[in-house]
Amino acid sequence: MKQDVVVDLSDLPMNGSGTASLTWWGTVAFMLIEGTGFALMISVYLYLGSLAPAWPIEAPPPEWGPGTGVTLLLLASLVPNVLLSRWAAARDLRKVRAGLLIMAVFGTAPLVLRVWEFMALDVSWDSNAYGSAVWMLLGLHTTHILTDLLETYVLAALMFTRHADNPRRFGDVQDGAMYWNFVVLTWLPIYACLYGIPRL
Amino acid sequence: MRIRPLPSLALLLLCGGCAGWQSALDPQGPSAQALGQLLHGFVLVLAAIWLAVLVVLAVALRRRSRATPQAADRHAGIAVGTACVATVLVITGLTLASYVTTRVISAGAEAPLVVRVRALQWWWEVTYPGEAGPDVVTANEIRIPAGRPVRIELSAADVIHSFWVPNLAGKQDLIPGRDNVLTLTARQPGQYRGQCAEFCGMQHAHMAFMVIAEPPEAFAAWRAAQQADSAAPAGAEEAFGRRVFEQKPCGACHTVRGTEAKGTNGPDLTHLASRATLAAGMLPMTRGALAAWIADPQTIKPGNNMPMVPLTPAELQAVSAWLATLR
Amino acid sequence: MSARIQDDQRDTDLADAPLDAALRRVWDTPRGVWGALATVDHKVIGRRYIATAFVFLAFGGVLALLMRWQLARPESRVLTPDLYNQIFTVHGTSMMFLFAVPVMEAMAVYLVPLMVGTRNIAFPRLNAFSYWMYLVGGILLWGAFLVDMGPDIGWFAYVPLAGPQYGAGKRVDIWAQMITFTEISALAVAVEIVVTVLKQRAPGMSLDRIPLFVWAMLVTSFIIIMAMPAVMVASTALILDRLVGTHFFNPAEGGDVLLWQHLFWFFGHPEVYIIFLPAVGMISSILPTFVRRPIFGYLPLVLAMVSVGILSFGLWVHHMFTTGLPRLGESFFTASSMAIALPSGIQIFCWLATIWYGRPVYRTPFLFILAFFFTFIMGGMTGVMVASVPLDTQLHDSYFVVAHFHYVLVGGAVFPLLGGIYYWFPKFTGRMMSERIGKWVAGLLFTAFNFTFFPMHVLGLLGMPRRVYTYQLDMGWGGLNLFVSLSAVVLAAGFLLFFYDAVRSARHGEPAGDNPWGAATLEWATASPPPSYNFARLPVVRSANPLWEDDGVLPVAGGLRVDRRELLVTTVGDALPEARESSPRPTIWPLWSALATTALLLGSILTPWAVVWGAVPVTIALIGWFWPGGRKEEES
Amino acid sequence: MNGCRRGMDRVGGWKDSVVGAVVLPALVLLGGCRLEDRETRPDPPVAQALGQVALMPNGIGGSPPEVYAALGRPYRDSAFHLSQGKRLYEWFGCQACHADGQGGSGPSLIDGWWNYGPDLPTLYTTIHDGRPGGMPAFRDRMTRDQIWQLAAYVQAMGAYTGSLAAPGRSDRPQTRPAENRLPAASAPLR
């Protein structure tokens, strides 16, 4: 088929950033999938709660302490996270390295505290449906913290290699930061469910 | 291409008429009646629409359009718009029709006979809460007085089953942890077959039961008879059979009131021989069928929970002889 | 078009022949085993997907024949009840999870990048990964079945029958993990398609110029993204109940049996439209070619597909009308189920209008569309019947329903799919399928299908329940069942003929040109089969039917680099060029990742700790996947 | 990587359907072995032979009948038989004395301690003939293969490691950890 060149792309940037990058959209799509998963798990929790004559079933409401600690840690982590995203946008390698290390710490801390949060539930996953629901809800969110934490570790390592100074890396850092915001924000409704509903 | 379905349509007419004893096309009660009418209504309307669309398609294929693109799009727009309006009207009508039918069916009945049906893998336990006298417990057969509404309280012992007697009413699931109720009425005396309609494991296919509608007085007589204990053995063979039944594993799972057999895992056999069928609608209630069933239940109904109890031919004869007398 | 017109540069410096050579050097998949395992070309993977899906279709068909053999006579003992239950479960599971959904996504994996005029699908490595996951899931199910370990609880796996107490052995666990495999792959493909459609369209392909098949796949992908997590949650809860003793479905400990049905059908009903919408797209793309006029009602069709996508989430309860839920709620779901008849109607009406004002050309793909009209509309009508609460109490779980959904799925999805195969086969292979055999296939399948499934409506009304391994002589169902079984043999013959034609034509079919049907969409603007880079220069779109507008001259965009895999990112709305993005090279890591994930998932059936130690290889594989290799594709 | 001139339609594609056509028949050969066979009807002679347990004089430990080995130790390894055993455990009211395996008037069955040893022939004999101290004989209440199923289940619920073939938790109020994750001697949950 005869071709007629009508558009010239030669001086477009060699990779898109923000909404012009494919990975940004991919990250958003996966957040949509996992967001749906969280929403469904919460509705399972509410559904079982609506059936039960008393909720929680044969267990005290979970203790405030560890869960609230995790929540505060996660909220606090938003600050360095947003800064990190800014630095990545500004392509400031030194600050990005620092930011990643900070985020590695801020990712690990809640994970450690999570252990006590599981114990603070005061119910076993196989005691009854309430136990099963809270353990699965908490477990699902813990997996998300874990996976994003691993991603942070890898990115941090990457930033100290020859691959570091590259707009793509900075794009990855920004997407990683966005995903961490998602992990933190999805926690808030779960926190409200786990700790609020049993006390209503 | 467009005439090929005719044979299958013919098939529908051929078999649509035939009245089965487990058929939604042969309603024998008010509820099934209402559903039957709704069914016919839907089929007529929808078949008409289906034909209309195919006719339009046929014409569209035959004709050659001479319209200018603009005119074509304008006319098509009008046509499609009208069709959409018609669609909305039709589905609204059908929705209302089914809502009305729902109201009719679920209207409460006065002074119903209460029957408890408990579904197990793979048989039905039927209990008549005792008015004047002990509860009547039987299996795989529901006797009801013709003309009187029957309130059937449904529960499941193990997995989900579904209670379906097409000639009398629509189906209703029996779900562990939940109690469902189904009200049905049989217009005149007769035998109506029902079957489990929710997949429930290996012998889902052989989980049937009979609904036997009788004149009220006949039903009362049957109920009185059922409340009595089992009859004493008529002869020596029957007596021997009863002893075998009590001493062998049979009695560990089956109850025969008036004997040592008090097991509760299997169906109550106190008046076994008064039922029309054996093994949840599989076999006719004859002495021969009884013997065959006891001799090798796992070949007749693989996977069911009745084990193959080793018996000598004499014992087998005696047990089946005795059971055949439990009217 | 806001992009500026300038003097050519880069790829535009080269004449066609050297340009082809240069592009092949960067885009071709290396030959040999490594190439086959490492390829990230959407066309290779798409063909693999399609071929594998049809293999599973054939297997599922064999199971169907076995069932019909058993049901041909009352109280037949061809199959044991245990084997029969495994067979109908594996048939349903295989057809839904291993054929219907994957084959539609596979068509999209192959066609969407071509139709939107880009060089590869978004996230090609994820694409490779999704295929491997899908393949393993299929082998898992069928391998288990062959060693008498096949699931025997129906494709819907209702608890408690599938629960820890009544589902003995590993059969149900295998089913649940097979779900995980297929859902992961389906979700991955959905993400790729969404991003490809939103961000990789050819310059000028604004939202109102997107081919309808691409629209359909966009909507479908969103349905997948919203619906499949439900079945993931459900199967996870099930496997936890079975393996670590949770109580989600144990009524005695606050769980609920119906929770499973809610979760499963919240996925299960949209699933029907996940299968049907792509078929809608195929018809909308094929029809104009064979009536020689643009589709009528582009906008209504798009809106109809979108509203079907939304409505499909409001229908799930109509699979539970006999469970004794509150009547008022059920009536609401009757209304919503009926409401979906409107957008479906709009689609039909628009197609009819297109034919009405067109000039039909009776080639095989068009015949399949006619078969679609006949069967699918009947399926839609019976669908209206089962959507009515009271009627459903008689029809539910009877053979009437079996007839209904086969009319919808085979008539509504498989017929258009086969039409699509005949239509796009020249693009896939560069060769035409036989028109003569094709007419026979269409005729045979159409006739035999109706003879096989129409009598099932009657059987259902005569009281025959679903999923029974046999029925008794005195039920009077023998005649119809025998007729059905005999017709099923003819139906199988029709499919056999189709497979023969496909395999034969792939080797010896008559060569097809770039655009054998004189179609309007971009996939026909390149060679058949397309070169590894799809388009030497990316096409520029100025209308909804580009190849019908520009008489023999294809407007293209120039300026992409030829020394690395490069494609174009455009804006979501008007598809204005935004950036030149690179596309990854072949890599083996997706395969390793799939194998590592397999180890984790299979291990978790045996011990929960597999989730812990299994995570290690998965992590390693993923790091290997994402660690940059310092290629040109990494630069900026 | 570079310089391969052939069109990529050579790679994969229809070739895969051929590959599939080779691989899957290979799988079919596997069809011979039946991992989760569900034998519902032991042949009468087999059922008869299942009773021939040779027990030590002291009634502790013994050897199973030859037929048991010939059958491939089905009652120990088959999930189906174990689930049947679980059903029988409930049907014949074993909880009444053994209280869901945690003791009561009868000994606990999950504390890892066996009065007569944990081997199947002993368990079979215990159920079949009963034991002094209140364990009744079930020889007249169950068939031999049922006793084997029940014995295998009792062994599994008291095993030192949770058995892969063991059934999961019951759809009942939960009174002890699920069989398939129950190591013997694990403390009762409540």
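Letters go in sequence order (proteins before strands), and every chain restarts at 1.
The shortest heavy-atom contact between A:S132 and C:T246 is OG-CB, 3.4 Å. Shown here for A:A129 and C:G255, the closest heavy-atom pair between the two residues is CB-N, 3.4 Å. The minimum heavy-atom distance linking A:G37 with C:V233 is given by the pair O-CG2, 4.3 Å. Of all non-hydrogen atoms in A:V5 and C:R537, the two that sit nearest each other are CG2-CD, 4.1 Å. When all heavy atoms of A:L12 and C:P577 are compared, the closest pair comes out as CD1-CB, 3.7 Å. Taking all atoms of both residues into account, the shortest heavy-atom contact from C:E581 to A:G16 is OE1-N, 3.4 Å.
Contact of C:I224 with chain A is not made at all, since no heavy-atom distance falls under 4.5 Å. For chain A, no part of C:V194 is nearby; none of its heavy atoms comes within less than 4.5 Å. Contacts of C:F123 with chain A are made by side-chain atoms alone, with heavy-atom separations under 4.5 Å and no backbone atom involved. Interface residue C:F222: only side-chain heavy atoms are found under 4.5 Å from chain A. Only the side chain of C:F266 comes within less than 4.5 Å of a heavy atom of chain A; its backbone N, CA, C and O stay farther away. Looking at C:M226, both its backbone and its side chain come within 4.5 Å of chain A, counting heavy atoms on both sides. In this structure, chain C has heavy atoms under 4.5 Å from both the backbone and the side chain of A:A20. C:N250 does not touch chain A: none of its heavy atoms, backbone or side chain, sits under 4.5 Å away. Interface remark: A:T161 contributes side-chain atoms only to the contact with chain C (heavy atom separation under 4.5 Å).
Each of C:L538, C:T526, C:V569 has some count of heavy-atom pairs under 4.5 Å with chain A, and the biggest count is that of C:V569. Ranked by heavy-atom pairs under 4.5 Å with chain C, the list A:R169, A:M41, A:E34, A:R162 is led by A:R169. Of the listed residues (C:V244, C:D514, C:T619, C:N515), the one with the most heavy-atom contacts under 4.5 Å to chain A is C:V244. Comparing A:L158, A:D172, A:I57, A:T147 by heavy-atom pairs within less than 4.5 Å of chain C, the highest count is held by A:L158.
Rounding to the nearest 0.5 angstrom, the gap separating the CG atom in C:L187 from the CG atom in A:L32 is 10.5 Å. To the nearest 0.5 angstrom, A:S21 atom OG is 8.5 Å from C:K199 atom NZ. Rounding to the nearest 0.5 angstrom, the gap separating the CG atom in A:L9 from the CZ atom in C:R561 is 14.0 Å. The CH2 atom of C:W627 lies 6.5 Å from the NE2 atom of A:H163; values are rounded to the nearest 0.5 Å. The structure places CD1 of C:I225 at 8.5 Å from CZ of A:F30, a figure rounded to the nearest 0.5 Å.
At most 12 non-hydrogen atoms from other residues, nucleotides or ligands lie less than 6.0 angstrom from CH2 of A:W116. Environment of CZ in A:R97: crowded, with over 12 heavy atoms of neighbouring residues, nucleotides or ligands closer than 6.0 Å. Applying the 6.0 Å contact sphere to CZ of A:R199 captures more than 12 heavy atoms from other residues, nucleotides or ligands.
With contacts defined as side-chain heavy-atom distances shorter than 4.5 Å, the pair A:L51/C:L259 does not qualify. Side-chain contact between A:Y153 and C:I623 is absent, with no heavy-atom pair separated by less than 4.5 Å. Using a 4.5 Å heavy-atom cutoff, the side chains of C:L263 and A:Y47 are not in contact. Using a 4.5 Å heavy-atom threshold, the side chains of C:L240 and A:W135 count as separate. Using a 4.5 Å heavy-atom cutoff, the side chains of A:D126 and C:E253 are not in contact. For the pair A:L22 and C:Q200, the minimum side-chain heavy-atom distance is below 4.5 Å. Between A:I33 and C:M228 there is no side-chain heavy-atom pair separated by less than 4.5 Å.
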Exercise. Could you give me the CA-CA distance, side-chain angles and deciding distance for A:V6 and C:R542, then say whether side-chain contact (heavy atoms from CB on, under 4.5 Å) is met?
Key: CA-CA 11 Å; A:V6 296; C:R542 293 164 166 166; 3.6 Å; yes

Exercise. Please assess A:L150 against C:L622 for the test side-chain contact (heavy atoms from CB on, under 4.5 Å), listing each intermediate value before the final yes or no.
Key: CA-CA 10 Å; A:L150 285 172; C:L622 289 179; over 6 Å; no

Quiz item: Which is it for C:M232 and A:L40 under the side-chain contact (heavy atoms from CB on, under 4.5 Å) test, yes or no, and what are the steps along the way?
Solution: CA-CA 10 Å; C:M232 298 279 274; A:L40 283 161; over 6 Å; no

